[in-house]
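Quantities reported herein were computed from a predicted structural model and do not represent experimental measurements. Hydrogens, waters and symmetry mates are skipped; everything else that's a heavy atom, side chains included, is used.
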Amino acid sequence: MKLLLHAILLGLTCWLPLLADNLKPVVDGPEGQRAFTDLAAIYAKGPSATFEAPMELTDLNGSDAEKAQNAGAYILALFDQSWADETNGRAAWRALPFWGGGSDNPARTYRGQLADAFGKSASSLAALPAALWLIEHDLVEDNIGSGGQVLSRIHGADADAAIGTILQEQHPSQQVLIMALNEAAARHLLKDKNSVVALEQSYRSAVRDAAQKAALQLGEPHTQEYDRSAPFSPRMVEFLKTNSERLLTPVPEKATWQQEEAGSSEQLQGWMLEQSSFTFSMLDWFAQEHHFLKYFNHCRPSSLQTAAEDLIARRAEIVALQASAKDNEGDSQKAREKLGTLSRYGTLSSQFEPGFISLPEITAAIWCWQRGDLYHCRRILDACYSSADDDRWLDLAARDYLGNIYHQEMVEEFCDDEDDATTLRLANHLSKPIFDGYNYQDRAKELAAQLTHKDNQNDVSLPSLPVWSVLQFFLTRDQQITYLAKRLKLLHTEQDMQPGDVYYDSSMPYNLTAIYCINPYLELKRMGLVNHDFVALAPFTADRDYMRTYSYFRDFHPSRNLHRVCWAVQKLVNETAIPPAPPQTFDQVINQTMKELNGAVMPKNEILSRASDGSVYFTAKPDGDVVQEFRSWAQAQPARGFWASWWQTPTALLISFLILRGYLKRHLFNKLPLKSLIFIFFLISVMTSIFYPYFGKPAFLNDLSDLTNEVAKIFCWVFVVRIALRIYRALQPIVSPLIGKTRQA
């Protein structure tokens, strides 16, 4: 259950580090300031630090009332401040070094240790505020339980009133409700009898049983069975309303439920949205749209009620298998496999999802509710709420389920399909307040702003290799660097392996005409950049626009890293300004892999720092002017020498061409005209472009493509020179008399 809880709580946190320099204590007063300072010292010790219980835990139960009151305020401040530190950047998240372990945060770890010690010892009235904070604010089951333990040991009017409030408001935590019911019965709180009786209609079977026993002890015998037709609780109605808004694609009133012709429960099923003579589109119960050709795909009519009954039966089987898993290890494996049938990629993706609810159950319940089928809606949700220990987890799970679906689709539309209109639609949807707290919401907001930013200077495209070869003749070196850097945001490279990474210089993009376009990153590397060239590159060190490139740990894991322009510049500078890094050890590779798994991304603020040998490299730093620091460093380096890149000048290319042409004509193509030679190279270049998608660009094809591209550049330069000579010869009869008259004058 802890792993299932962790999967939900990951959605609460954002891996992007935030600036923490200007943070203040969240609790006013000396206790708040002290907690703020003490927690910073605890975080600085690192993960190897051992827990030391504060002396205030002992003072809570002491005879000195003032001292106990101050101790309670300090413990409360520790809880509140550590909760805030999980997301404000003061406590850094780190990946755990084992499969599926997720990530760890020192603030959450310390709060859990403190809550455990607090729950075992505290019993005075001074501990009541801290206990109620754990019950009302924390989302970790063990911490909530610790708060409940303390409340059950505290007696008095204030504690009784807190128990009455928990019963009246029907607290979302199952164990807190059961504790409150038991205490109401033990303390004989007759004023809360109506609240106890009302809980006999709870959708949780364990709560209903506890409420019946408590009501009997309070003199109210059980008379009414659980009624599934009763009105939904306010919390359940809010869940349905909120997640109805989170669903992006509306279902037409006349849409029918369809299932693939194969008839298997694992086949695609959902709403038939549109259909024509040759195609049809469906919205499946994973909230994804699919488009098919009728000739290859066939569906049969079904009903939403049938799908709901199927989901209810699966959930009942899962619950039964989980209940018997303690005695039978085989049932545990069967339960995991059954959960896999409710996940997009089977057990591969279900291992990263909470087991108490699935995306098909969420969508089916919403659609039943929208269409007035409250009976099936209630049955689906009752089973899910009973499987979860806290009602609040279900909404967090639904937010992350739908957020992950739309986020992954947004990234693929932006990078793979380059469909800016669809990308913007998805980004705007994820930016809505109903997705507040979702891990990638900030990314969606940034991408929406990037796509709506109207700037003609940024409206660029990738030129083909021949066009770029001609442009180089007319652009200075600094202009070439600026030209290429502006187009880094158009770079699209694909990840070839899982797990793995993308390589900015691994391939060349190609357009719809199967002609290679330039790879701006690769062209920048080929220019042989030195430190002085970085002055022209400086403005792009702070360019946080997203490139059309993303990477991931596994395709069935929801994390996606969408790369930025400044990351490519950072990598380019690091590879050029300093020697290559030493090979990574196996442990370092594993740590990097786990970092990727948990959605870690590069720092939000990058700035240059200097090594002891004077070289330059990028590193994380909370403040500073990236561009100015970078430009100042680059300008202080020695000027670039001519011979550092002589081979890239038009003169060198022309000399290379003449040597190559003379060699080929003398030894290989003695009778082959130049036009035929150009045609052969052009044909080879086009063929490598065409067959690149089918052969995955093997090594020999990669080398051949690079060779033909370089030769094509040479021919382009020769073509430009020939055109210039022809223009000169055509203008010579006109220009020569004018020159002669000028000389005579």
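For residues 170-185, every residue pair satisfying the salt bridge (Lys or Arg N to Asp or Glu O under 4.0 Å) rule, not counting sequence neighbours, is listed here: E183-R187. Every pair passing salt bridge (Lys or Arg N to Asp or Glu O under 4.0 Å) that includes a residue from residues 355-379 is listed here, sequence neighbours excluded: E309-R379, R315-E361, R378-D382.
Not one N or O on the side chain of S146 forms a donor-acceptor pair closer than 3.5 Å with the backbone of G119. A donor-acceptor contact shorter than 3.5 Å links the side chain of R204 to the backbone of Y385.
Between the side chains of S343 and S349, a donor-acceptor pair is found at a separation under 3.5 Å. A donor-acceptor contact closer than 3.5 angstrom is absent between the side chains of Q495 and D501.
Judged as a salt bridge (Lys or Arg N to Asp or Glu O under 4.0 Å), and not counting sequence neighbours, K445 has no contacts. Residues forming a salt bridge (Lys or Arg N to Asp or Glu O under 4.0 Å) with R208 (at least two apart in sequence, or on another chain): none. Considering only residues two or more places apart in sequence or on other chains, E274 meets the salt bridge (Lys or Arg N to Asp or Glu O under 4.0 Å) condition with none of them. Annotation: salt bridge (Lys or Arg N to Asp or Glu O under 4.0 Å) contacts of D192 (sequence neighbours excluded): none. Every residue two or more places apart in sequence or in another chain was checked for a ring pair (Phe, Tyr, Trp, His ring centres under 6.0 Å) with F239, and none qualifies. Judged as a side-chain hydrogen bond (donor to acceptor under 3.5 Å, both in side chains), and not counting sequence neighbours, the contacts of H290 are D284. With sequence neighbours left out, the side chain to side chain contact (heavy atoms under 4.5 Å, CB included) criterion links R235 to P172, Y203, S233, D391. A search for side-chain hydrogen bond (donor to acceptor under 3.5 Å, both in side chains) contacts involving T249 returns E289, not counting sequence neighbours. Y401 pairs by the ring pair (Phe, Tyr, Trp, His ring centres under 6.0 Å) definition with nothing, not counting sequence neighbours. Shown here are the ring pair (Phe, Tyr, Trp, His ring centres under 6.0 Å) partners of Y43, two or more places apart in sequence or in another chain: there are none.
Between Q275 and S281 there is no side-chain heavy-atom pair separated by less than 4.5 Å. Side chains of F51 and L114 form a contact here, defined as non-hydrogen atoms less than 4.5 Å apart. Side-chain contact between L381 and W369 is absent, with no heavy atoms from C-beta onward closer than 4.5 Å. Residues Y375 and C368 form no side-chain contact, since every pair of their non-hydrogen atoms from C-beta on lies 4.5 Å or further apart. In this structure the side chain of H557 never reaches within 4.5 angstrom of the side chain of Y552, judged on heavy atoms. No side-chain heavy atom of I357 sits less than 4.5 Å from a side-chain heavy atom of S387. Taking 4.5 Å as the limit, some side-chain heavy atom of H376 sits within range of a side-chain heavy atom of I312.
Considering all non-hydrogen atoms of both residues, E200 and A215 come closest at OE2-CB, 3.3 Å. For the pair H171 and S173, the tightest heavy-atom approach, listed with the atom from each and the gap, is ND1-N, 3.0 Å.
Between R246 and D395 there is a salt bridge, since at least one side-chain N of the basic residue sits less than 4.0 Å from a carboxylate O of the acidic one. By the 4.0 Å N-to-carboxylate-O rule, E86 lies close enough to R111 to be salt-bridged with it. Checked for salt-bridge contact, K213 and D209 miss the test: no charged N lies under 4.0 Å from a carboxylate O.
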